[in-house]
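Here's the structure, in structure tokens; my notes come after.
For the single chain, residues carry numbers from 1 onward in sequence order.
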Amino acid sequence: MKYNPDMHHRRSIRLKHYDYSQSSAYFVTICTQNKTCFFGDVVDGEMRLSDAGDMTLQVWNELPFYYPNVTLDEFVVMPNHVHGILNISNVGAQFIAPAVDNMFVSRNGVMNQNQSVINHAPTVGKIVRTFKARCTYMINEFRNTRGALLWQRNYYEHVIRSEPELDKIREYIVNNPLNWREDENYMS
């Protein structure tokens, strides 16, 4: 089907003119493509992770390695989605990205050894894209399904503006497995 702007439009839930790289806590929810249950099952109110669920948890926990100004808060892997809280700090500061095998390719294609790359603070979108890409790669390699879609195109994000709100969202994340059957992402 050809793109039709009258039919194919999505309303953004993002705050207009908000800088999603600034210091704050952010709540994200990321759903699988077609809400397919890849990540395990909820049994007696407890999430039991599949291999894909374990890989998803591993990728989440590795995000501060890629983004040193990001700290992680509560997180839960559900059968077909994840909920998590990211904290971005040191806004405007530059940081040195970790060297992977101490090898980088410059813009002109020349390999440089023992150099790091200076970057600006990442946006929530960039962090989520990294998370989704790493999970997709690892899970598709494991399942031998190269190129298969794992995630829905977008994700939900919310800027957390107060300590009581943060506590409420933390409680929601922790209790998500207990409330699975009532969850909007539940698919029997």
Practice prompt. Go through the structure and list residues passing side chain to side chain donor-acceptor pair (under 3.5 Å) with Glu141, not counting sequence neighbours.
Written response: Arg146

Worksheet item: Looking only at heavy atoms, which two atoms of Met138 and Val59 are closest? And how far apart?
Response: SD-CG2, 3.4 Å

Worksheet entry | Phe131 and its ring pair (Phe, Tyr, Trp, His ring centres under 6.0 Å) partner, picked from Tyr66, Tyr137, Trp151 | Trp151

Worksheet item: Is the side chain of Asn69 donor-acceptor paired with the backbone N or O of Ile88 at a distance under 3.5 Å, no angle test?
Response: no

Discussion item. Set out, in order, the CA-CA distance, both residues' side-chain angles and the distance that settles side chain to side chain contact (heavy atoms under 4.5 Å, CB included) for Asn176 and His81, then state yes or no.
Written reply: CA-CA 11 Å; Asn176 208 248; His81 66 283; 3.4 Å; yes

Discussion item. If the condition is side-chain contact (heavy atoms from CB on, under 4.5 Å), which residues does Asn179 pass it with, not counting sequence neighbours?
Written reply: Asn175, Glu182

Worksheet entry | Minimal non-hydrogen separation, Asn80 against Trp180, with atom names | OD1-CH2, 3.4 Å

Worksheet entry | Path from Leu149 to Phe39 over hydrophobic side-chain contacts below 4.5 Å | no

Response to the item:
For Pro79 and Gly40 the tightest heavy-atom approach is CB-O, 3.4 Å

Discussion item. Could you measure the distance from the CD1 atom of Ile173 to the NZ atom of Lys168? Nearest 0.5 Å is fine.
Written reply: 13.0 Å

Worksheet item: Which residue pairs pass the side chain to side chain donor-acceptor pair (under 3.5 Å) test when at least one of the two sits in residues 38-48, sequence neighbours left out?
Response: none

Fill in: Euclidean distance, Leu86 CG relative to Tyr26 OH, rounded to 0.5 Å
9.5 Å

Item to complete: Indicate the atoms forming the closest heavy-atom contact of Pro177 with Gly45, along with that distance.
Response: CB-O, 3.3 Å

Item to complete: Among residues two or more places apart or on two chains, list those pairs meeting salt bridge (Lys or Arg N to Asp or Glu O under 4.0 Å) that have a residue in residues 69-82.
Response: Asp73-Arg170

Worksheet item: Can you list the steps and then say if Glu157 with Val128 is a side chain to side chain contact (heavy atoms under 4.5 Å, CB included)?
Response: CA-CA 10 Å; Glu157 66 192 24; Val128 169; 6.0 Å; no

Discussion item. Is there a path of hydrophobic side-chain contacts, each under 4.5 Å between heavy atoms of I/L/V/M/F/W/Y residues, joining Val42 to Leu178?
Written reply: no

Worksheet item: Quick one: side chain to side chain donor-acceptor pair (under 3.5 Å) partners of Gln152, sequence neighbours excluded?
Response: none

Worksheet item: Do the ring planes of His83 and Tyr172 sit parallel (below 30°), tilted (30 to 60°) or perpendicular (above 60°)?
Response: perpendicular

Item to complete: Decide yes or no on side chain to side chain contact (heavy atoms under 4.5 Å, CB included) for Lys132 and Leu150, but give the supporting numbers first.
Response: CA-CA 8 Å; Lys132 289 167 79 170; Leu150 179 64; over 6 Å; no

Worksheet entry | Inter-residue atom distance Cys135.SG - Phe38.CZ, 0.5 Å rounding | 11.5 Å

Practice prompt. Could you name each residue pair satisfying salt bridge (Lys or Arg N to Asp or Glu O under 4.0 Å) that touches residues 80-89, not counting sequence neighbours?
Written response: none

Practice prompt. May I have the step-by-step check of side chain to side chain contact (heavy atoms under 4.5 Å, CB included) for Ile85 and Leu72, ending in yes or no?
Written response: CA-CA 6 Å; Ile85 299 172; Leu72 305 175; over 6 Å; no

Worksheet item: Taking only residues two or more places apart in sequence or in another chain, which ones pass side chain to side chain donor-acceptor pair (under 3.5 Å) with Thr71?
Response: none

Worksheet item: Residues two or more places apart in sequence or in another chain: which of them pass side chain to side chain donor-acceptor pair (under 3.5 Å) with Asn140?
Response: Thr145

Fill in: In one Ile/Leu/Val/Met/Phe/Trp/Tyr side-chain cluster, 4.5 Å: Ile30, Val174
no

Response to the item:
So the side chain to side chain donor-acceptor pair (under 3.5 Å) pairs with at least one residue in residues 49-64 (sequence neighbours excluded) are Gln58-Glu62

Response to the item:
Nearest heavy-atom approach of Phe142 to Met55 is CG-CE, 3.2 Å

